[in-house]
Amino acid sequence: MPELPEVETMCRGVRPIVGGWIQRVIDPKCRYRPVVCQPAMTEIQRRLRGQQITGITRIGKRVVIETEKYALVLQPKMTGLVSIDNPPDSEHVRLVLELRDCTVPRLIFWDRRGLGTIGLIARHAIASELIEGKLGPDALAISPKEFQQQLATTRRPIKVVLLDQKRIAGIGNLYASEMLHAASIDPRRAAAELDATEFRELHRHMRRILLKAIRYEGSTLSDGTYRNALNQSGNYQNEHRVYDRADQRCPRCSQANITRIVQAQRSTFFCTHCQH
DNA sequence: CATATGTCCTGAGAGC
DNA sequence: TGCTCTCAGGACATAT
């Protein structure tokens, strides 16, 4: 499931398209239900034709492809990915940008389950449409002080609060469990109960883990869905300490097995012995 | 307002 | 072996 490190890796991988021109936008009309588009696909095709790509940015867990006039917003959600002419298969291709004057012939948005979305907005509206009132500070930009301020105002479990994109942007289910284990914090505790030292530790491990996961180009889970822009697996899955490791010995304390619980309909993995 | 629940979708894997 | 069932979770809509 693409979270901050996976989306950042996608953005870096497709950066070679910057400077290219969009010759044509193709709707591959795959056999699955059409991907959710805003506005309609035909309107996206009309507006993007002939635009030059000026930049690629990550906003939370979205890939934003900027042109002079527009921002094409690709939201991978569970199984989406952005690829340089190298999708895992052809049947789940949801959008193709044909490029010219570019070393890359095509940019592809691919999504197996089709929960992802495609949006097109005016470039000057990026902040008002995507950020303001919708997303908290990015997990890699937030200061330790701001981190505590954003999270400490609720009694909901800290694990659930870390997933709230309005409070902090970029963390998903996998990295939330990993960073809480690294910081030795019980995921069930009320966010407001953590003290300043614990928030500092959590912030430190959050940065460390997200940056390391980016270096490893993200996590490809057992279903093998996530790939980088060149259709290669990530490598961070081999570094997971708790995620999807229920009933295995805790790699830190060896005193208990990793436990799986459900919080807000999502799996959480943690060690009952060394997370307090 | 804050918080909780339901929904979208496909394919992998479990169980019989 | 082949069928049916469950589950994975990001973001948003709707309910409480």
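Chain naming here is simple, since letters A, B, ... match the order of the sequence lines and numbering starts at 1 in each.
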| Got a sec: does the CZ of A/Arg155 have more than 12 other heavy atoms crowding it under 6.0 Å? |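 At most 12 heavy atoms, drawn from other residues, nucleotides or ligands, come within 6.0 Å of this atom.
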| request: Count the heavy atoms of every other residue, nucleotide or ligand shown that sit under 6.0 Å from CZ of A/Arg100, and state whether that count exceeds 12. | output: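 Result for CZ/A/Arg100: enclosed.
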| request: State whether the distance check finds a donor on one side and an acceptor on the other, under 3.5 Å, for side chain A/Arg266 versus base C/dG10. | output: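 Indeed, a donor on one side and an acceptor on the other fall under 3.5 Å apart.
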Look at all strands and tell whether [X] reaches a base, only sugar-phosphate, or nothing, counting heavy atoms closer than 4.0 Å.
| X | value |
| --- | --- |
| A/Thr117 | nothing |
| A/Thr79 | nothing |
| A/Arg94 | nothing |
| A/Gly114 | nothing |

| query | Can a donor-acceptor pair be found between the side chains of A/Arg113 and A/Thr225 at a distance below 3.5 Å? | reply |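 No pair is found: no donor N or O on one side chain lies under 3.5 Å from an acceptor on the other.
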| message | With no hydrogens and no angle check, just 3.5 Å: does a side-chain donor-acceptor pair link A/Gln275 and A/Asp186? | response |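 Per modelled atom types, A/Gln275 and A/Asp186 side chains form no pair under 3.5 Å.
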Distance check: side-chain N/O of [X] vs OP1/OP2 of [N], anything under 4.0 Å?
| X | N | result |
| --- | --- | --- |
| A/Arg260 | C/dC7 | no |
| A/Arg156 | B/dA4 | yes |
| A/Lys77 | C/dG9 | no |
| A/Gln165 | C/dA11 | yes |
| A/His92 | B/dG11 | yes |
| A/Tyr243 | C/dA8 | no |

| Starting at the 5' end of DNA chain B, which residue's closest nucleotide do you reach first, A/Arg113 or A/Gln265? |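 The residue mapped nearer the 5' terminus is A/Gln265.
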| A/Tyr236-A/His240 aromatic ring centre distance below 6.0 Å |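 For A/Tyr236 and A/His240, the ring centres are under 6.0 Å apart.
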Taking [atom1] from [X] and [atom2] from [N], how many angstroms apart are they, rounded to a whole number?
| X | N | atom1 | atom2 | result |
| --- | --- | --- | --- | --- |
| A/Ile261 | C/dG9 | CD1 | P | 13 Å |
| A/Leu135 | C/dG10 | CG | P | 14 Å |
| A/Met78 | C/dC12 | CE | P | 15 Å |

| query | Where the side chain of A/Gln75 is defined as all heavy atoms beyond and including C-beta, which of C/dG9, C/dA11, B/dT3 is the nearest nucleotide? | reply |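 Nearest to the side chain of A/Gln75 among the choices is C/dA11.
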